[in-house]
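None of these values were measured; they are calculated from a predicted model.
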Amino acid sequence: TWPWCGLGAAGSASRSPVTATRSWDGAAERQVAKKEDLVQAFGTDDQTEICKMILSKGELQVSDKERHAQLEQMFRDIATIVADKCVNPETKRPYTVNLIERAMKDIHYSIKPHKSTKQQALEVIRRLKETMQIERAHMRLRFILPVKEGKKLKERLKPLIKVTESEDFHEQLEIV
């Protein structure tokens, strides 16, 4: 086993100072590592140098509670993204985050910690479409165009616009 250096309360090498100046062979047993083991593993028995090596090259071990909290936060973030981007197609009203979370649990969606929340949200939307009425919300845009180019540009924009809420053509063309 590799000896380790004790870290501060936060447990993060980047934010917390080293609180132990010894290298331990086993954390639970509090056995100090033997000099021969240190030289074999690190090429030196200097405690400060060994701690620096561990902090710069070692991996941070995340506890089960921290990992669980991270996954819960990702789950909530994904549900929030889905709720922000989708509506009920019948009512055109947005779904609540809690309803999306429940739906994600119903389809047994499992979080992939190394994949972005936005990518996972898009995947969740595709999967939820199979079990519930959900669609991407339409984007609202307002175009304010000069009179000269207004008519030409309006004809070019028309195929891209699904719904026109209002159109005002006084000093300039305004389309919402």
Engineer: Which pair of heavy atoms, one from P94 and one from A83, lies closest together, and at what distance?
Structural biologist: CB-O, 4.3 Å
Engineer: Just wondering, do L122 and Q119 contact through their side chains at under 4.5 Å, heavy atoms?
Structural biologist: no
Engineer: Rounded to the nearest 0.5 Å, how far does OG of S110 lie from CE of M104?
Structural biologist: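 Those atoms lie 9.5 Å apart.
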Engineer: If you round to the nearest 0.5 Å, how far is NZ of K118 from CD1 of I81?
Structural biologist: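 The CD1 atom of I81 sits 8.0 Å away from the NZ atom of K118.
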Engineer: Tell me, which pairs form a salt bridge (charged side-chain N to carboxylate O under 4.0 Å, His left out) where one or both residues lie in residues 119-128, sequence neighbours left out?
Structural biologist: K112-E123, K115-E123
Engineer: For residues Q47 and L38, determine if any side-chain heavy atom of one lies less than 4.5 Å from a side-chain heavy atom of the other.
Structural biologist: yes
Engineer: Testing the basics here: between I50 and T44, what is the closest heavy-atom pair and its distance to 0.1 Å?
Structural biologist: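 In this case the closest contact between I50 and T44 is CD1-O, 3.5 Å.
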Engineer: Nearest 0.5 angstrom please: I107 CD1 to E130 CD, how far?
Structural biologist: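 Rounded to the nearest 0.5 Å, the CD1-CD separation comes to 8.0 Å.
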Engineer: Would you indicate whether the side-chain heavy atoms of I111 and I78 approach each other to under 4.5 Å?
Structural biologist: yes
Engineer: How many angstroms lie between atom CG of N88 and atom CD of E135, to the nearest 0.5 angstrom?
Structural biologist: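 Here the interatomic distance stands at 8.5 Å.
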Engineer: For the hydrophobic clusters of this structure (ILVMFWY residues joined by side-chain heavy atoms under 4.5 Å, transitively), does one cluster hold both V97 and L71?
Structural biologist: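 They do not share one cluster, since no chain of ILVMFWY contacts under 4.5 Å joins V97 to L71.
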Engineer: State which residue, out of I100, T117, D77, fulfils the side-chain contact (heavy atoms from CB on, under 4.5 Å) condition with V82.
Structural biologist: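 Exactly one candidate clears the test, I100.
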Engineer: I'd like to know whether N98 forms a side-chain contact (heavy atoms from CB on, under 4.5 Å) with R76, so could you lay out the CA-CA distance, the side-chain angles of the two residues, the decisive distance to 0.1 Å, and finally the verdict.
Structural biologist: CA-CA 9 Å; N98 288 336; R76 183 117 177 116; 3.6 Å; yes
Engineer: Measure the shortest side-chain to side-chain distance between Y95 and Q133 over non-hydrogen atoms and say whether it is less than 4.5 angstrom.
Structural biologist: yes
Engineer: When you look at CD of Q40, are more than 12 heavy atoms from neighbouring residues, nucleotides or ligands closer to it than 6.0 Å?
Structural biologist: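 Result for CD/Q40: open.
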Engineer: Taking all atoms of both residues into account, what is the closest heavy-atom pair of F75 and Y109, and its distance?
Structural biologist: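 Nearest pair, atom of F75 first, then Y109: CE1-O, 4.2 Å.
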Engineer: Applying a strict under-4.5 Å side-chain criterion to I, L, V, M, F, W and Y, I'd like to know whether L99 and I125 cluster together.
Structural biologist: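 L99 and I125: one cluster.
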Engineer: Roughly how far apart are F42 CZ and K57 NZ, rounded to 0.5 Å?
Structural biologist: 9.5 Å
